[in-house]
Amino acid sequence: MAMHVIEEARRCLQCKKPLCRLKGCPIQTNIPEMIRLFLEGKTQEAGQMLFENNPLSIVCSLVCDHEKQCEGNCIQGKRKEGSAVQIPNIEQYISDSYFDRATIEKLPDTGQRVAIIGAGPAGITIAIKLAAKGHRITIFERMDKIGGMMRYGIPAFRLPRKILDRYATKLREMGIHFRPNTAIGGALHLEDLFMDGYDAIFIGTGVWRPNRTHCKGESLGNVHFAVDYLQNPEAYDLGDTVAIIGAGNSAIDVARTVVRMGSRHVTLYARRQRIAASQRELDYAAVDGIEIQQGMAIKEFTEEGPIFIPKIFDNEGNVIREEEPVLMPADSTIIAISQGPKDKIVNTSQDLKVNEKGLIVVDESGRTSIDGVFASGDVVAGSKNVVLAVYYSKQVANTIDEYLKSKRA
């Protein structure tokens, strides 16, 4: 593995205008500098630079859509018969080597407390950044372990759980407190946190409520939602033939998990002709023997399987006609068409403003409609990805720190 990474690193052209960073990376990872330091034998320095820019660098090296981001903009890959430098493999090797040995310097204790609601990518980023500023951090998480959608929404074959466990250890080393199985909006509300002396609150609860098709039969016993299934696939007995509604990357995550759990005939049904999933994910699906059918609009769920209305498209992708409904026999059906936010906190905090989708409304710096309460990640932007949650949360961490400084003045 090490030799392969070195060979890939040597292929980097050290472009003066590195598109892999400037155009490809949402968080502006300094990829040429990372590779330069690595080839000079300064792996720890490279790891430190990656971590300071992106505390979830290890995770992003595994789960980002690299073919549309860093690799997709690599000049080597744009050359005739060329192939992009395998940037995520290099980043993963460096970040993994650095992480356990990382010592995060902390400023003197400010005595100020920050409550972080949600231990997903946004919450972990905020926790690390603010703990380093000397603030006292407590994370409240409704599940039993940290990771949020990274743990309970991304399959373990894509993101090993041991990596998230290592983050739990690192947070403890930084003095960050963790309260598992604690949903704010249940026994505890936002006002309770302020009453107990928290100077600021960050909401990074993600999006856990599955989107519905609003078709008849969604409540049947053989119909399930993807966000529920991925939290604990072992709890489900899906049968031999499984239909999956949706064709994005999350739908393929579900399909590949279903195959690994023993189902032999798995089909993805896409409503449109265009498939939302990346080509890399489609390639993995093909290798796993997963079939994809396009132009299949769900009409109804039955105990025998879903009923679709097939659509016929012209060469430009426009629907030219719809055919008669057709039953596609399946033992189970999983709906994988994204998700929205739950409303526990909103329902118990009347002053917290949300939009028509239930997403928390914030200003450009992450301030909500309640003084001292901030938010970022999917609960603000909708279902996105890890790197964007980190990008915006870094900015919000700075806003919270400035807010706390103003309270000390």
Salt bridge or not between [X] and [Y]? Use side-chain N to carboxylate O under 4.0 Å.
{"X": "Glu322", "Y": "Lys299", "value": "no"}
{"X": "Arg113", "Y": "Asp196", "value": "no"}
{"X": "Arg151", "Y": "Asp165", "value": "yes"}
{"X": "Glu33", "Y": "Arg36", "value": "yes"}

Between Ser83 and Arg11, is a side chain to side chain donor-acceptor pair (under 3.5 Å) present by the stated rule, with each step listed?
CA-CA 10 Å; Ser83 61; Arg11 294 182 58 232; 3.3 Å; yes
Does Arg166 make a cation-pi contact with Phe99, if we ask for NZ or CZ under 6.0 Å from the ring centre and within 45° of the axis?
no
Are [X] and [Y] linked by a side-chain donor-acceptor pair shorter than 3.5 Å?
{"X": "Glu218", "Y": "Thr213", "result": "yes"}
{"X": "Ser57", "Y": "Ser95", "result": "yes"}
{"X": "Asn73", "Y": "Gln69", "result": "no"}

Evaluate whether atom [atom1] of [X] has more than 12 neighbouring non-hydrogen atoms of other residues, nucleotides or ligands under 6.0 angstrom away.
{"X": "Gln28", "atom1": "CD", "value": "yes"}
{"X": "Lys170", "atom1": "NZ", "value": "yes"}
{"X": "Arg260", "atom1": "CZ", "value": "yes"}
{"X": "Arg280", "atom1": "CZ", "value": "yes"}
{"X": "Asp192", "atom1": "CG", "value": "yes"}
{"X": "Tyr284", "atom1": "OH", "value": "no"}

Go through the steps for Gln44 and Gln48 under the test side chain to side chain donor-acceptor pair (under 3.5 Å), then give the verdict.
CA-CA 6 Å; Gln44 291 304 297; Gln48 182 178 359; over 6 Å; no
Taking all heavy atoms of [X] and all of [Y], pick out the closest pair and write down the distance.
{"X": "Ile298", "Y": "Cys215", "value": "O-SG, 3.6 Å"}
{"X": "Gly153", "Y": "Leu230", "value": "O-CD1, 3.1 Å"}
{"X": "Gly377", "Y": "Ala122", "value": "CA-CB, 4.2 Å"}
{"X": "Thr182", "Y": "Leu188", "value": "CG2-CD1, 4.2 Å"}
{"X": "Tyr167", "Y": "Pro55", "value": "OH-O, 2.6 Å"}

Looking at side-chain heavy atoms only, is the closest gap between Glu234 and Met261 below 4.5 Å?
yes
Roughly how far, to the nearest 0.5 Å, is SG of Cys70 from CD of Glu91?
7.0 Å
Within this structure, what is the NZ-CD1 distance for the pair Lys129 and Ile137, rounded to the nearest 0.5 Å?
13.0 Å
Tell me whether the rings of Phe51 and Tyr98 are parallel (<30°), tilted (30 to 60°) or perpendicular (>60°).
tilted
